[in-house]
Amino acid sequence: MTRSSRRAFLRGSGGLAMLGALAACGSNHGGAGGSGSGTLSQWYHAYGEKGTEQAAKRYAARYTKAKVNVRWIRGQYVSALSSGLLGTAGPDVFEDQLNVELVQAKEVIPLDDVIGAARSDFVEATLATNTVDGRLYGIPMVEDMQLLYYRKSLLDKAKIKPPSTLDELAEAAKALTTKSVKGLFVGNFVDSDGSGTITPLGGPLLWSAGLDLLSSDGRSAGFDDPRAASAIGELRSLYNSGHLLLGAPTDWSDPSAFTQGLAAMQWTGLWAMPAIQQKFGDDFGVLPFPELDSRGGASVPIGTYAAMVSGKSTQQDEAKKFIKWLWIDQTTYQEDFNLNYGFHLPPRRSIASTARKLKSGPAADAVSYSNRYAHPASPPLWTPVMTTAYQGALTNIVKKGADANKELQVAAKTVQKELTRLGQ
């Protein structure tokens with residue numbers, strides 16, 4: 001996806017805050033080397049969690065090898081960043097979500113030498129999200145993931161076990177549905193203007209069948225396969241079953257449908273865990289998305305923000321040293337940034353495994369699922385045109401009952417054209 005669509009996707013599936021009105025924090029806007037020798041310009045989008053801005057500026061102030069001016073951009077970060085990377089007043093260091101067009105335009109530089117021996121400590125899916133043609137262009141800062149939440153007491157009352165297959169998920173949704181509670185909520189199946197289907201399960205359904213959005217070599221669609229049609233058909237059956245909650249006051253990324261007792265299970269993000277825990281205490285658990293069958297697998301979608309170096313920076317070596325210091329060496333800052341101003345996973349296994357807030361209960365389960373079942377929510381080669389085509393196929397299959405194989409074949413042709421355009 002492009003920066004704008006990928007950012008919207010991660011806000012939905014990674015829980016990072018919506019951006020406010022465009023404004024820079026403070027007067028130090030810096031530039032791609034424009035701030036002067038020994039001064040780096042670092043750009044962030046405006047995270048919504050209270051205290052995040054102050055934390056980012058505190059980290060930068062403690063760096064001793066250069067002055068780092070932090071620009072905290074409220075509003076249209078994507079537009080500001082795009083302009084900055086094209087001009088001479090952009091950042092030296094910035095955070096974003098990688099797409100292949102950034103690489104092809106030489107707006108970012110490889111950072112394999114920055115990650116070095118720490119590479120093996122990162123969740124592989126976070127690295128895949130930031131890799132093009134085998135080279136790493138972003139150091140993962142924040143990991144967000146999606147999970148299936150369920151009420152333990154309601155499953156116990158219905159005498160059912162947590163589902164591990166799509167068939168079991170459908171059976172659980174049926175058993176948990178009552179006059180006042182639906183068994184499962186996975187979204188309202190409409191986009192922001194109510195015109196189409198937007199479901200966060202597009203990736204998980206494919207992974208459940210052992211497939212993916214793209215082929216392993218990135219040269220074709222990964223879903224032009226009868227098994228994809230079978231998995232998506234399971235969602236079609238659920239949609240028609242009467243056991244899914246539809247038309248909830250808020251969509252899947254907000255846990256309100258779950259915490260208000262409208263659904264016994266909900267697909268949402270790790271970011272929702274503190275609110276759910278506050279409401280239910282220990283009476284909830286989390287699961288990965290179930291497998292279709294033994295030929296597929298369980299999954300959790302992973303989205304990341306990553307630190308990158310501008311291809312136009314005149315201080316690339318200094319910028320790389322700063323990124324290494326902050327996002328490789330300073331493990332206490334990495335834990336602080338992820339867990340003290342919101343609820344995200346540190347992308348490094350060693351930090352996630354020792355962080356106090358992730359040591360037990362559903363949070364510890366989430367860490368385990370990240371290590372075992374993580375998939376990139378959107379690979380760098382995945383574009384907005386591909387998203388439109390695939391989501392359109394899902395709309396027609398799930399809501400309109402169209403032939404799944406035919407719809408996926410049409411979407412796959414669009415994906416192929418996009419890959420050809422990108423030179424794949």
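Computed over heavy atoms, backbone and side chain alike; hydrogens, waters and symmetry mates excluded.
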S.K.: Which atom names give the shortest non-hydrogen contact between Trp207 and Ser299, and what distance separates them?
M.R.: CE3-OG, 3.4 Å
S.K.: Looking at Ser350, is its backbone amide N or carbonyl O close enough to the side chain of Ser353 to form a donor-acceptor pair, meaning the two atoms are under 3.5 Å apart?
M.R.: yes
S.K.: Check whether any side-chain N or O of Thr177 sits under 3.5 Å from a backbone N or O of Gly183 as a donor-acceptor pair, and report yes or no.
M.R.: yes
S.K.: Do Ile328 and Arg348 make a side-chain contact, defined as non-hydrogen atoms from C-beta onward lying under 4.5 Å apart?
M.R.: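 In contact.
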S.K.: For the pair Lys413 and Asp224, evaluate salt bridge (charged side-chain N to carboxylate O under 4.0 Å, His left out) and give the outcome as yes or no after the intermediate values.
M.R.: CA-CA 9 Å; Lys413 290 179 181 178; Asp224 185 7; over 6 Å; no
S.K.: Let me confirm one number: the CZ-CG distance from Phe284 to Leu154, rounded to the nearest 0.5 Å.
M.R.: 13.5 Å
S.K.: Measure across Ala248 and Ala257 and return the closest heavy-atom pair with its distance rounded to 0.1 Å.
M.R.: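 For Ala248 and Ala257, the tightest heavy-atom pair comes out as CB-CB, 4.3 Å.
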S.K.: Run the numbers on Lys320 and Ile109 for side-chain contact (heavy atoms from CB on, under 4.5 Å), then give the verdict.
M.R.: CA-CA 10 Å; Lys320 291 200 293 184; Ile109 65 172; 4.1 Å; yes
S.K.: Is it true that a side-chain atom of Glu234 and a backbone atom of Leu292 form a donor plus acceptor pair closer than 3.5 Å?
M.R.: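 No, Glu234 side chain to Leu292 backbone: no donor-acceptor pair under 3.5 Å.
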S.K.: Using only heavy-atom distances, determine whether the side chains of Thr387 and Gln391 contain a donor-acceptor pair under 3.5 Å.
M.R.: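 Per modelled atom types, Thr387 and Gln391 side chains form no pair under 3.5 Å.
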S.K.: Rounded to the nearest 0.5 Å, what separation is found between the CG atom of Leu201 and the CG atom of Leu238?
M.R.: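 If we round to the nearest 0.5 Å, Leu201:CG and Leu238:CG are 9.5 Å apart.
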S.K.: Checking side-chain contact (heavy atoms from CB on, under 4.5 Å) against Val367, which of Leu358, Leu270, Val123 comes through?
M.R.: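 Single side-chain contact (heavy atoms from CB on, under 4.5 Å) partner of Val367 among Leu358, Leu270, Val123: Leu358.
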S.K.: Shortest non-hydrogen contact from Ala56 to Val70?
M.R.: O-CG2, 4.1 Å
S.K.: Answer yes if the side chains of Glu143 and Thr126 hold a donor-acceptor pair under 3.5 Å, and no otherwise.
M.R.: no
S.K.: Within the structure provided, determine whether Ile160 and Leu155 are in side-chain contact (heavy-atom separation under 4.5 Å).
M.R.: yes
S.K.: Looking at Asn188 and Leu246, would you say the former's side chain and the latter's main chain have a donor-acceptor pair under 3.5 Å?
M.R.: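 Pair absent, no side-chain N/O of Asn188 close to backbone of Leu246.
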S.K.: From Ser310 OG over to Leu86 CG, what is the distance, rounded to the nearest 0.5 angstrom?
M.R.: 9.5 Å
S.K.: Can you confirm whether Pro204 sits close enough to Trp267 that some side-chain heavy atom of one is under 4.5 Å from a side-chain heavy atom of the other?
M.R.: yes
S.K.: Within a strict 4.5 Å, meaning less than it, do heavy atoms of the Val68 and Phe322 side chains meet?
M.R.: yes
S.K.: How are the rings of Tyr44 and Phe337 set relative to one another: parallel (under 30°), tilted (30 to 60°) or perpendicular (over 60°)?
M.R.: tilted
S.K.: Please name the residue in the list Asp96, Ile73, Leu85 that meets the side-chain contact (heavy atoms from CB on, under 4.5 Å) test with Trp43.
M.R.: Ile73
S.K.: May I ask you to check whether Gln42 and Tyr63 show a side-chain donor-acceptor distance below 3.5 Å?
M.R.: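 No.
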S.K.: Is the CZ atom of Arg295 crowded by more than 12 outside heavy atoms at less than 6.0 Å?
M.R.: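 Not buried by this count: 12 neighbours or fewer within 6.0 Å.
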S.K.: If I take atom CZ from residue Phe289 and atom CG from residue Leu147, how far apart are they, to the nearest 0.5 angstrom?
M.R.: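 Output value for this atom pair is 12.5 Å.
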S.K.: Quick one: does Tyr369's side chain get under 4.5 Å of Met145's, heavy atoms only?
M.R.: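 A side-chain contact exists here, since the closest heavy-atom pair is under 4.5 Å.
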S.K.: Check this for me: does any side-chain nitrogen of one of Lys174 and Glu171 sit under 4.0 Å from a carboxylate oxygen of the other?
M.R.: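 Glu171 and Lys174: not salt-bridged.
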S.K.: After noting the C-alpha distance and the side-chain angles of Leu262 and Lys182, does the key distance pass the side-chain contact (heavy atoms from CB on, under 4.5 Å) rule?
M.R.: CA-CA 6 Å; Leu262 302 179; Lys182 292 293 186 179; over 6 Å; no
S.K.: What are the two closest non-hydrogen atoms of Met265 and Ala172, and how far apart are they?
M.R.: CE-CB, 3.9 Å
S.K.: Does the Tyr149 side chain pair with the main chain of Phe258, one donor and one acceptor, at a distance under 3.5 Å?
M.R.: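 Judged by distance alone, no pair lies under 3.5 Å.
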S.K.: Rounded to the nearest 0.5 Å, how far apart are CG of Leu287 and OH of Tyr373?
M.R.: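 The CG atom of Leu287 sits 10.0 Å away from the OH atom of Tyr373.
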S.K.: Quick check on Arg119: does its CZ atom have over 12 non-hydrogen neighbours (other residues, nucleotides or ligands) under 6.0 Å away?
M.R.: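 Yes, enclosed.
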S.K.: Do the side chain of Ser370 and the main chain of Ala374 share a donor and acceptor less than 3.5 angstrom apart?
M.R.: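 No.
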S.K.: Let me confirm one number: the CD-CG distance from Glu49 to Asn338, rounded to the nearest 0.5 Å.
M.R.: 10.0 Å
S.K.: Taking the side chain as everything from C-beta on, heavy atoms only, tell me whether Phe122 gets closer than 4.5 Å to Ile139.
M.R.: yes
S.K.: Parallel, tilted or perpendicular: which one describes the rings of Tyr333 and Trp325, with boundaries at 30° and 60°?
M.R.: perpendicular
S.K.: Consider only side-chain N and O atoms of Asp167 and Thr165, and report whether a donor and an acceptor are under 3.5 Å apart.
M.R.: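 Asp167 vs Thr165: no donor-acceptor pair found between side chains.
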S.K.: When you look at Val142 and Tyr47, which way does the side-chain contact (heavy atoms from CB on, under 4.5 Å) test go after all the steps?
M.R.: CA-CA 11 Å; Val142 170; Tyr47 288 73; 4.2 Å; yes
S.K.: Of Val181, Leu176, Asp283, which is the lone residue that meets side-chain contact (heavy atoms from CB on, under 4.5 Å) with Arg151?
M.R.: Asp283
S.K.: Which atom pair, heavy atoms only, marks the closest approach of Leu245 to Phe185?
M.R.: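 Shortest heavy-atom separation between Leu245 and Phe185 comes out as O-CD1, 3.2 Å.
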S.K.: Under 3.5 Å, side chain of Asp144 to main-chain N/O of His344, donor-acceptor pair present?
M.R.: no
S.K.: For atom CZ of Arg421, decide whether the heavy atoms of other residues, nucleotides or ligands shown that lie under 6.0 angstrom number more than 12.
M.R.: yes
S.K.: Can you tell me if Arg219 uses its side chain to pair, donor with acceptor, with the backbone of Leu419 under 3.5 Å?
M.R.: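 A pair under 3.5 Å: no.
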S.K.: Are the side chain of Thr304 and the backbone of Ala306 linked by a donor-acceptor contact shorter than 3.5 Å?
M.R.: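 Judged by distance alone, no pair lies under 3.5 Å.
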S.K.: Take Glu335 and Lys357, measure what salt bridge (charged side-chain N to carboxylate O under 4.0 Å, His left out) needs, and give me the verdict at the end.
M.R.: CA-CA 10 Å; Glu335 180 177 341; Lys357 293 182 179 181; over 6 Å; no
S.K.: Of all the heavy-atom pairs spanning Glu95 and Met141, show the shortest one and how long it is.
M.R.: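 Here Glu95 and Met141 meet closest at CB-SD, 3.6 Å.
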S.K.: Just so I know, are the side chains of Thr131 and Pro380 near enough to count as touching, which here means a heavy-atom distance under 4.5 Å?
M.R.: no
S.K.: Output yes when a side-chain donor or acceptor of Gln334 lies under 3.5 Å from a complementary backbone atom of Leu326, and no otherwise.
M.R.: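 Such a contact is found between Gln334 side chain and Leu326 backbone.
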S.K.: Quick one: do Thr199 and Val398 satisfy side-chain contact (heavy atoms from CB on, under 4.5 Å)? Show the steps, please.
M.R.: CA-CA 10 Å; Thr199 172; Val398 175; over 6 Å; no
S.K.: Are side-chain heavy atoms of Phe94 and Val108 found at a separation under 4.5 Å?
M.R.: yes
S.K.: Begin with the C-alpha distance, continue with both residues' side-chain angles, and end with the deciding distance and a verdict on salt bridge (charged side-chain N to carboxylate O under 4.0 Å, His left out) for Asp282 and Lys152.
M.R.: CA-CA 8 Å; Asp282 295 332; Lys152 292 180 179 179; over 6 Å; no
